Chemist: 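Got a structure for you, written out below as structure tokens; questions coming shortly.
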Amino acid sequence: MLKARLTESIRQMSGLHWLLLFGGILLAWAALFAMSVPENLRDAGALYGADFWVSLCTMTPDAAGAGKMALMWVLMSAAMMAPTALPAFAAYDDLSQSAEGTRFGDLVLGYLIVWIGFSLLAAALQLALVHAGMVSVFGDSRSSLLSAVLLLIAGGYQFTPLKDSCLSKCRRPLVFFMQHWEESPLRNGLRLGAVCLGCCWALMLLAFVGGVMNLVFMGLATVFMVLEKLPEIGRWLTRPMGVVLCASGLWLLVTSV
């Protein structure tokens, strides 16, 4: 019944607020594509023609570069995490049809505030790792030890009670919203963002392993995180992925010694 209700809600995503949300996701992916294009293509005036893209896509380990890193992480978080939250957004939209005082925009705003905060911290971490020589300015790891540690952290986190708790809320968004329905839409959005962050923060940090500006990694990670939050599929993916990540981390750790 829950699956049928969410499916019907997603089919009805034709209102202005949905069009704006989908448009924002597409724009985020488009901007990430532009930022991930190799330098030789970015220099081709026939393709981009404007110095804006060159200046935007050139990362430097300074204050200006930190701002671009933060922007890149915000775009990446929006592009990757908004699709994983679509079932929750659909559930809230469905409940709002029969309730007063709901504001879809406030819910999305609260959700984004959490991920913007994460993005700023991730950008600061990237800048620190760049100065330590452990990652390049484009965010890909230059240290086998760093990659191994991140893989082990992400893999181990797949088995933790906190991960299970957050996933259970993401997989049952109707129950989640009904438990906190008396709170404001913004507060519900903050709660949803926090729960989503609890599910995905460790997987997001694997961007330093796969490449922060690597579209293939981002696409595969997004697909996995979407599937992991689906009730009937996700429960079969979480722990096997933990095993794969831990095994990869151990293998990298052993071979790098």
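Because the structure is predicted, anything quoted here is derived from the model rather than measured. For this chain, numbers begin at 1 and follow the sequence in order.
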Chemist: Nearest 0.5 Å, please: how far is OG in Ser144 from CG in Leu253?
Modeler: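 Answer for the CG-OG pair, Leu253 versus Ser144, is 9.5 Å.
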Chemist: Sorted by first residue and then second, give each salt bridge (charged side-chain N to carboxylate O under 4.0 Å, His left out) pair with at least one member in residues 205-216; sequence neighbours left out.
Modeler: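 Qualifying pairs, neighbours excluded: none.
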Chemist: Which residues satisfy the side chain to side chain contact (heavy atoms under 4.5 Å, CB included) test with Ser119, sequence neighbours excluded?
Modeler: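 Expected list: Trp73, Val74, Ser77.
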Chemist: Checking the side chain of Arg172 only, and the main-chain atoms of Pro231 only, is there a donor and an acceptor separated by less than 3.5 Å?
Modeler: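 No, because the side chain of Arg172 does not come within donor-acceptor range (under 3.5 Å) of the backbone of Pro231.
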Chemist: For Lys169, what residues pass the salt bridge (charged side-chain N to carboxylate O under 4.0 Å, His left out) criterion, not counting sequence neighbours?
Modeler: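 By the salt bridge (charged side-chain N to carboxylate O under 4.0 Å, His left out) rule, Lys169 matches no residue at all.
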Chemist: List, by chain and then residue number, the residues other than Val175 in its hydrophobic cluster (Ile/Leu/Val/Met/Phe/Trp/Tyr, side-chain heavy atoms under 4.5 Å); write none if there are no others.
Modeler: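 Members besides Val175: none; it forms no cluster.
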Chemist: When you compare the side chain of Trp115 with that of Met204, does any pair of heavy atoms fall below 4.5 Å?
Modeler: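 Yes - at least one pair of side-chain heavy atoms lies under 4.5 Å apart.
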Chemist: Not counting sequence neighbours, list each pair that qualifies as a salt bridge (charged side-chain N to carboxylate O under 4.0 Å, His left out) and has a residue in residues 173-183.
Modeler: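 Every pair satisfying salt bridge (charged side-chain N to carboxylate O under 4.0 Å, His left out) with a residue in residues 173-183: Glu183-Arg187, Glu183-Arg191.
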Chemist: So, do Trp236 and Ile233 sit near enough that their side-chain heavy atoms are less than 4.5 Å apart?
Modeler: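 No; the side chains remain at least 4.5 Å from each other.
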Chemist: Would you say the side-chain atoms of Thr238 and Gln158 include a donor-acceptor pair closer than 3.5 Å?
Modeler: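 The answer is no; no qualifying pair exists.
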Chemist: Distance-only criterion, 3.5 Å: show the donor-acceptor pairs between side-chain atoms of residues 78-85 and protein atoms not counting sequence neighbours.
Modeler:
residue, atom, partner, partner atom, Å
Thr84, OG1, Met81, O, 2.7
Thr84, OG1, Lys229, NZ, 3.0

Chemist: Strictly by salt bridge (charged side-chain N to carboxylate O under 4.0 Å, His left out), give each pair with a member in residues 132-148 just once, sequence neighbours left out.
Modeler: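 For residues 132-148, and leaving out neighbouring residues, the salt bridge (charged side-chain N to carboxylate O under 4.0 Å, His left out) pairs sorted by first residue read Asp140-Arg142.
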Chemist: With sequence neighbours left out, write down each residue that passes ring-ring contact (aromatic ring centres under 6.0 Å, His included) with Phe176, or none if nothing qualifies.
Modeler: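 Result, ring-ring contact (aromatic ring centres under 6.0 Å, His included) vs Phe176: His180.
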Chemist: Report the residues that fulfil side chain to side chain contact (heavy atoms under 4.5 Å, CB included) with Leu250, sequence neighbours left out, ordered by chain and then residue number.
Modeler: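 In terms of side chain to side chain contact (heavy atoms under 4.5 Å, CB included), with neighbours along the sequence ignored, Leu250 is linked to Leu152.
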Chemist: Which salt bridge (charged side-chain N to carboxylate O under 4.0 Å, His left out) pairs, counting each pair once, include a residue from residues 144-158, with sequence neighbours left out?
Modeler: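 Residue pairs passing salt bridge (charged side-chain N to carboxylate O under 4.0 Å, His left out), neighbours aside: none found.
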Chemist: Identify every side-chain donor-acceptor pair in residues 240-249 under 3.5 Å, counting partners at least two apart or on other chains, and give the distances.
Modeler:
residue, atom, partner, partner atom, Å
Ser248, OG, Val244, O, 2.8

Chemist: Could you pull out all residues at least two apart from Val223 that satisfy side chain to side chain contact (heavy atoms under 4.5 Å, CB included)?
Modeler: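 Once residues adjacent in sequence are excluded, the partners of Val223 under the side chain to side chain contact (heavy atoms under 4.5 Å, CB included) criterion are Leu227.
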